[in-house]
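Residue numbers start from 1 in every chain, and the chains themselves are labelled A, B, ... in the order their sequence lines are given, proteins ahead of strands.
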Amino acid sequence: MTLISLDLQSRSGKTLAKLDVDSEDTVGQLKKKFHAVNKKYYPARQRMTLPAKEGQKSGEVLKDSAKLSEYGLSSGSVVLFKDLGTQIDYSTVFFFEYFGPLVIYPLFFFLPQIFYPGQKALPLDQRPLVQKIAVAYWMFHYAKRIFETYFVHTFGHATMPIKNLFKNCSYYYGFAAFVAYFVNHPAYTAPDETLSLVCFALAMVCQFSNFRCHTILSNLRAPGETAYKIPSGFLFNYITCANYTAEIWGWILFTIGTHTIAAGLFTAAGAFQMAEWARGKHKRLQKLFDGKDGRQKYPKRWVMFPPLL
Amino acid sequence: MGNPYLLVYNAALTAGWGYVLFLTYKTVLQEGGWTQEVFEAVDIPLKISQSAALLEVVHSAIGLVKSPVAITAMQVASRIWCLWGIVVPCAATVIPQGLLTAGQQAALGLPGWANINFITLMTAWACSEVIRYGFFALKEAFGTPPYFATWLRYTAFMVLYPLGVSSELTMAWRALPDIKARGLFSSTLPNSWNWGFDYHLVCVLVMATYIPGLPQLYGYMLTQRKKVLGGGAAKPKAKAA
């Protein structure tokens with residue numbers, strides 16, 4: 001129980017506040033104290049770091065759950081503050097990202113008179129079977145994602161900057177309209193029906209595999225645990241980001257089942273982004289689980305998409 | 001000295017674009033040619049020099065050069081689009097026409113040389129590239145480039161950017177009817193992979209992106225100029241106010 005007075009400064013060196021805290025308090029509690037002083041900066045928006053040491057570009061980021069004493073902070077210590085900008089909950093972003101496609105795609109299916117003006121569209125009962133399967137599959141996919149957001153996923157970070165919401169929604173809404181436009185077009189040419197049925201059946205297998213992967217990931221940590229764990233079981237025994245594998249294969253099968261290049265472009269764009277994330281995760285796990293000092297050694301696994309990555 | 005490959009790359013491109021600039025003005029001043037003759041004269045050096053810019057995206061992606069991949073890709077893409085997507089395929093339409101169509105020029109009784117668009121395009125492109133690649137070549141060779149190279153790099157853009165952008169947009173504007181009539185690079189439904197592509201629409205959208213694009217790029221270069229050159233040009237204005 002040692003009362004200390006911390007000097008909270010902006011990165012230009014100006015003192016923003018002098019905060020009186022206990023050395024056994026957590027960083028999270030320190031952030032609440034600053035929020036009380038300055039109502040604009042709610043805790044999720046605050047980033048606190050130690051000043052940079054010799055040779056460092058920037059100082060160590062203070063984790064919310066850690067105690068102030070763990071960072072060697074005492075009275076008069078300087079803590080640097082950075083405003084992360086308006087923050088939004090991960091789950092809120094996910095909901096809006098996925099709700100858009102859930103609604104946009106079927107609009108093209110049900111209202112061709114709006115989206116294909118002047119073109120004669122077949123009445124619903126005469127539409128090619130694959131168009132009907134595709135709209136059902138697409139809606140199932142995004143409904144599943146919303147379900148997972150609220151009932152399956154556990155998020156490593158609670159919030160993200162609000163500009164990500166606009167960036168992400170543009171991507172999802174844009175591609176939803178792009179793919180929907182071509183699959184539901186009055187001049188759509190359906191591929192062989194058997195091929196479509198097989199593709200979509202396999203795609204559903206991918207959906208369930210992806211769901212299983214997500215439940216495995218969410219069960220990796222018990223509530224309150226913050227340490228990284230090595231995922232295992234099911235496809236994770238062979239692939240670090242097995243959830244991405246199933247996701248990408250699902251979209252490849254959607255593309256082949258609908259014979260639509262626009263869907264192929266959507267698949268490629270998603271795969272490209274997932275590859276970036278997967279490489280980062282794979283590298284992080286290899287670095288953490290290096291087999292030294294009694295730590296496990298991360299097993300040899302594919303990153304995301306055997307045999308290519 | 002820095003990276004020898006980058007030195008060679010930047011020096012080669014300085015020479016390539018310098019040659020384009022030389023050929024442009026040789027054709028006009030010495031041979032009495034105009035847009036058509038310039039276009040024929042710069043043909044290969046222009047195509048090689050501009051296409052070589054694609055390597056810059058690779059350099060950025062592999063971390064050889066510090067610039068952000070997305071910005072580099074956007075800048076190179078717009079040049080490649082203008083050269084290979086507008087000027088080359090629609091040369092017969094865009095080389096003889098500028099801000100005015102051939103018909104409008106004739107109606108106004110203007111001489112043929114009133115259309116300067118391809119010449120301003122070559123001037124803007126070649127000057128800015130010689131300055132830019134030259135700056136990087138000198139940087140690789142000497143660590144710090146001589147002041148005049150830095151000054152040119154952070155000053156010439158003030159005239160060359162608007163000149164280049166207006167020339168590019170004029171070219172695209174003149175090409176649009178031709179693109180639509182020929183269905184250039186476009187595909188229509190129905191086809192077995194359900195792909196439709198309206199290149200005319202894409203060109204219009206690309207042209208629209210120039211509207212927010214130029215002020216952003218221009219503003220960025222102005223901020224860089226202030227940082228690098230110290231904003232000397234700004235001071236007299238402040239005194240006058």
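- For the pair Pro190(B) and Ala187(A), the tightest heavy-atom approach, listed with the atom from each and the gap, is CB-O, 3.4 Å.
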Cross-interface N/O pairs, chain A with chain B, donor-acceptor, under 3.5 angstrom:
unit_1	atom_1	unit_2	atom_2	d
Thr189(A)	N	Asn194(B)	OD1	2.7
Thr189(A)	O	Asn194(B)	ND2	3.0
Thr189(A)	OG1	Asn191(B)	O	3.4
His259(A)	O	Asn194(B)	ND2	2.9
Ile261(A)	N	Trp193(B)	O	3.1

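- Within a 6.0 Å sphere centred on CG of Leu99(B), other residues, nucleotides and ligands contribute 12 heavy atoms or fewer.
- The environment of Phe96(A) atom CZ is sparse: at most 12 non-hydrogen atoms of other residues, nucleotides or ligands sit within 6.0 angstrom.
- No more than 12 heavy-atom neighbours from other residues, nucleotides or ligands sit within 6.0 angstrom of NZ on Lys163(A).
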